[in-house]
Amino acid sequence: MDRSSNEIWINADNYDDWETSRPLLFRDDMRDAFFKWFRIKSSDNVLDGGCATGVLTRFIARGLDIGTVTGFDISRHFVEYGNNKIKEEGLSTKAKIVLEDGFNLSFADNIFDVVVNHAYLGVLSDNVAGLKEMIRVCKQGGNVSASVSARHFPEINWEGECPFRGNERLNELIEKQEKVYSEITTASVLKQDTYWNVMRFPKMFAMCGLTNITIHPYASGFSYNDSYWSDDFKKYMIMSGIGREIEILEQQRQNPLYAENGFYDDDFKELIELYKCKQNHLINNIHNNENWAWNANMHYIVTGTKG
Ligand SMILES: C[S@@+](CC[C@H](N)C(=O)[O-])C[C@H]1O[C@@H](n2cnc3c(N)ncnc32)[C@H](O)[C@@H]1O
C-alpha cells in the first residue's frame, strides 16, 4: 500500500483554509438535504474521515439527537484545534475528533451506521485502501459517502457592478497566478492517486462492493453582502480568508518556479497590495448593499450501502 500522502498531511495546521471555505458548503439551512444525501438519521453513530478542523463533523453534530459523530484526522494539530471548536460550540456530548491514520484505523469492524468524508479520499496516495478501511468500520446495511469538489466543474465568478478600485486588475492577476499554480502543483507533487480521480469515485464505490449507489450534485456560493451570513462570519472571511490568501502568496513568492513560469515578484507584490486594498474596502462596506460580486462552486456526494 502506498502511504506517501501521509507525509504531506501529518503536520498540517492550516486551520483557516477549512474554517473559511467549508461553512459555505455545509450550511445550516441545507442540513436536511445533506442528511438525506449522506443517509444520516438523527440517532446514528457517524464517522467523518480526514475531518481536519471538523467543520463537517460539527455540522453533522448539530443535526443529531441521540446520535454521535466521530471525526478522525492524521494531523494532531487539527485534532486539538477541532476538539477545542467542539467544546466552544457546546457539542462535546455529541462530537469528538480523534487522531487516526485512515490507512489503518484502530476502530473494530462494523461499528458505525454511516461513514462520510469531504475532500479526504481524493488526497490519499491509495484511494481504494482508504475507502476499504471506511467500509470495514461501517455496519452491514450502513452507508458510506464521499463528498467531493472537482476542478472538472466550472467555478462561477461574477465580479459585480460595484467593485473596489483595482478589482479588475486583481482578478486578472489571480487568473494568471492560478494558471501557473496549476502548472506547478501536480497530483504527483501532492502524492495523490491519479488513477481514481474524484469523478471516478462512483465507479470506485461499486468496485469496492457498495450497492444502491447515488450521486447528488450540489453547489456552494458566497457574496460579502449576502444577508445569510452573520457580520462576524463576513469579518472572519475578510480578515482570515483574504489574510490566508496573502499568507499563501507570500510563501509562493519564495518559490522560483513561479518566475520560471511567468509569474514574477512584481506580480506577487501587486497582487498582495490589491488583496489588502480589497480587505480595507470590504471591511468598510459590510452593509453598503453594493458589493454584488459573488462566486460559486460545484461539488457532489456519492453514497453506497454496505452489503
Ligand atoms: C483536503 S483536507 C479536507 C479536510 C476536511 N475534510 C474538510 O473538507 O474540511 C484532507 C484532510 O485529510 C487528512 N488526511 C490525509 N491523509 C490522512 C490519513 N492517512 N489519515 C487521516 N487523515 C488524513 C488531512 O490531514 C486533511 O485534514
Side-chain angles (χ1 to χ4, degrees), residues 1-27 30 34 37-38 46-62 69-86 89 95-107 112 114-137 144-151 181 185 187 189-193 196-198 201 218 220 222 236-237 240-241 244 248 297-302:
M1 186 195 305
D2 175 5
R3 296 185 182 192
S4 56
S5 52
N6 285 1
E7 71 199 49
I8 307 269
W9 293 101
I10 203 152
N11 287 314
D13 60 359
N14 49 328
Y15 316 113
D16 287 337
D17 288 350
W18 324 117
E19 293 293 318
T20 51
S21 61
R22 295 334 192 222
L24 311 185
L25 278 66
F26 304 116
R27 290 168 52 138
M30 289 288 289
F34 278 104
W37 299 332
F38 284 134
V46 183
L47 181 68
D48 176 15
C51 66
T53 59
V55 177
L56 174 59
T57 318
R58 284 174 268 141
F59 170 81
I60 293 170
R62 289 195 290 276
V69 54
T70 305
F72 73 78
D73 204 277
I74 199 164
S75 156
R76 66 185 64 251
H77 306 297
F78 288 155
V79 173
E80 192 185 329
Y81 183 98
N83 279 320
N84 284 336
K85 290 295 270 187
I86 286 172
E89 293 178 19
K96 64 170 188 265
I97 298 178
V98 294
L99 187 67
E100 290 278 341
D101 177 357
F103 288 124
N104 184 25
L105 295 171
S106 67
F107 306 114
F112 293 99
V114 176
V115 182
V116 302
N117 77 90
H118 176 78
Y120 156 65
L121 282 180
V123 307
L124 299 179
S125 38
D126 188 336
N127 296 159
V128 170
L131 177 58
K132 283 188 174 162
E133 265 303 82
M134 296 183 81
I135 296 173
R136 180 184 67 75
V137 300
V144 178
S145 285
S147 163
V148 302
S149 307
R151 286 203 181 150
Y181 172 83
T185 314
V189 171
L190 295 173
K191 312 227 182 265
Q192 290 172 354
D193 191 334
W196 290 107
N197 77 67
V198 295
F201 277 15
Y218 67 99
S220 61
F222 184 74
Y236 178 64
M237 289 293 278
S240 302
R244 175 70 183 141
I248 292 171
N297 289 284
M298 275 190 69
H299 322 270
Y300 80 93
I301 290 175
V302 52

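Remember, it's 1-based here, ligands and their atoms both numbered in the order they're listed.
A donor-acceptor contact closer than 3.5 angstrom is absent between the side chains of Tyr120 and Asp73. Counting only N and O atoms by type, the side chains of Glu100 and Ser106 include a donor and acceptor under 3.5 Å apart.
Residue contacts with ligand 1: Gly50 is placed with a nitrogen or oxygen under 3.5 Å of a nitrogen or oxygen of the ligand (distance criterion only). The N/O atoms of Gly102, backbone and side chain alike, include one that comes under 3.5 Å of an N/O atom in ligand 1. Ligand 1 has a nitrogen or oxygen under 3.5 angstrom from a nitrogen or oxygen of Arg22. Considering backbone and side-chain N/O of Asn6, one or more are found under 3.5 Å from N/O of ligand 1. For Ser75, no nitrogen or oxygen atom sits less than 3.5 Å from a nitrogen or oxygen atom of ligand 1, counting backbone and side chain alike. Residue-to-ligand polar distances keep Val123 apart from ligand 1: every N/O pair is separated by 3.5 Å or more.
The Ala52 neighbourhood of ligand 1 comprises atoms 4 (C), 5 (C), 27 (O), with distances under 4.0 Å to a heavy atom of that residue. Near Phe72, the atoms of ligand 1 lying under 4.0 angstrom from a non-hydrogen atom of the residue are 21 (C). The ligand atoms of ligand 1 that sit less than 4.0 angstrom from a heavy atom of Ala119 are 1 (C), 2 (S), 3 (C), 10 (C). In the vicinity of Glu100, heavy-atom distances shorter than 4.0 Å reach the ligand 1 atoms 20 (N), 21 (C). Shown in contact with Asp101 at under 4.0 Å from a heavy atom are these atoms of ligand 1, numbered in order with element: 18 (C), 19 (N), 20 (N). Using a 4.0 Å cut-off to heavy atoms of Trp18, the atoms of ligand 1 that qualify are 1 (C), 2 (S), 9 (O).
Centroid-to-centroid, the aromatic rings of Tyr300 and Phe201 stay 6.0 Å apart or farther.
When all heavy atoms are compared, the tightest approach of His299 to Ser220 is NE2-OG, 2.8 Å. In this structure, Ala61 and Val69 approach most closely via the heavy-atom pair CB-CG1, 3.7 Å.
The closest approach between Leu124 and ligand 1 falls below 4.0 Å for a heavy atom of the residue. Heavy-atom separations between Ser5 and ligand 1 are all 4.0 Å or longer.
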For Asp2 and Ser4: C-alpha separation, side-chain torsions, deciding distance, then whether side-chain hydrogen bond (donor to acceptor under 3.5 Å, both in side chains) applies.
CA-CA 6 Å; Asp2 175 5; Ser4 56; 2.7 Å; yes
Would you sort out whether Ser147 and Tyr218 count as a side-chain hydrogen bond (donor to acceptor under 3.5 Å, both in side chains), showing the intermediate values?
CA-CA 10 Å; Ser147 163; Tyr218 67 99; 2.6 Å; yes
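No side-chain donor-acceptor contact under 3.5 Å links Asp193 to the backbone of Leu124. Although no hydrogens or angles enter the test, the distance criterion places no donor-acceptor pair under 3.5 Å between the side chain of Glu133 and the main chain of Gly102.
If you check each of Asp73, Leu25, Thr57 against atom 27 (O) of ligand 1, the one with the closest non-hydrogen atom is Asp73. Considering Ile74, Leu56, Ile10, Asp48 only, the shortest heavy-atom separation from atom 17 (C) of ligand 1 involves Ile74.
For atom 12 (O) of ligand 1, the closest heavy atom belonging to the protein is Tyr120 CD1, 3.5 Å.
Sparse packing is recorded around CD of Glu80, with 12 or fewer heavy atoms of other residues, nucleotides or ligands lying under 6.0 Å away.
The part of Cys51 lying near ligand 1 is the backbone, judged by heavy-atom distances below 4.0 Å.
Atoms CZ and OG, on Arg244 and Ser21 in that order, are 10.5 Å from each other to the nearest 0.5 Å.
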